Amino acid sequence: MKKLRVKCIKCGKEWQKESSFSWGHDVFTSSLCNPCFRKVISPIIHKKQLREGNFDCFGKAQDYCDQFQCKYIEWCLRWEETEKAINKTPTSR
Ligand code: SF4
Ligand SMILES: [Zn+2]
């Protein structure tokens, strides 16, 4: 499987992700690691949750939450999926 190096723009942590192309070892892309992503997005989601009359619990569960109907659950518990979702979200809003 081909890999691409990824580096967090906030803390410098590195990891690898699968890629359909072959990249040189000195090539990397920038992103946010899961903890940094959580720090950046949590205040925004907390404001939304409070506006919606809910607790501002986003990001405060560890790896599990039983609120399966929560519209933020994918973002809250699965950070890599969240990043993919955000990258796919049109920026027209
Ligand atoms: S999944 Fe939803 S309800 Fe559960 S902690 Fe995260 S934001 Fe809160
Ligand atoms: Zn980071």
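None of the values given here were measured: they were computed from a predicted structure. Both counts, for ligands and for their atoms, begin at 1 and track the order of listing. The basis for the numbers below is simple: all heavy atoms, side chains too, and nothing from hydrogens, waters or symmetry mates. All residue numbers in this chain count up from 1 along the given sequence.
At a threshold of 4.5 Å between non-hydrogen side-chain atoms, the residues His25 and Arg5 count as touching. At a threshold of 4.5 Å between non-hydrogen side-chain atoms, the residues Val6 and Glu14 do not count as touching.
Side-chain heavy atoms closer than 4.5 Å link hydrophobic residues (I, L, V, M, F, W, Y) into clusters, and following such links, possibly through other members, connects Tyr72 to Val40.
Atom 4 (Fe) of ligand 1 has no N, O or S atom of Cys70 closer than 2.8 Å.
The heavy-atom pair separating Cys57 from Gln49 by the smallest distance is N-OE1, 3.0 Å.
Nearest to atom 7 (S) of ligand 1 among the protein's heavy atoms is Gln49 NE2, 3.2 Å. The protein non-hydrogen atom at the shortest distance from atom 6 (Fe) of ligand 1 is Cys76 SG, 2.4 Å. Counting protein heavy atoms only, atom 5 (S) of ligand 1 is closest to Cys57 O, 3.5 Å. For atom 4 (Fe) of ligand 1, the nearest non-hydrogen atom of the protein is Cys65 SG, 2.3 Å.
For Lys60 (side chain) and Asp56 (main-chain N/O), a donor-acceptor pair under 3.5 Å exists by modelled atom type. At least one donor-acceptor pair closer than 3.5 Å links the side chain of His46 to the backbone N or O of Phe58.
Residue Gln67 has at least one heavy-atom neighbour below 4.0 Å for each of these atoms of ligand 1: 3 (S). Applying the 4.0 Å criterion to heavy atoms of Ile73 picks out, from ligand 1, the atoms 1 (S). Of all atoms in ligand 1, numbered sequentially from 1 with element shown, those under 4.0 Å from a heavy atom of Ala61 are 5 (S).
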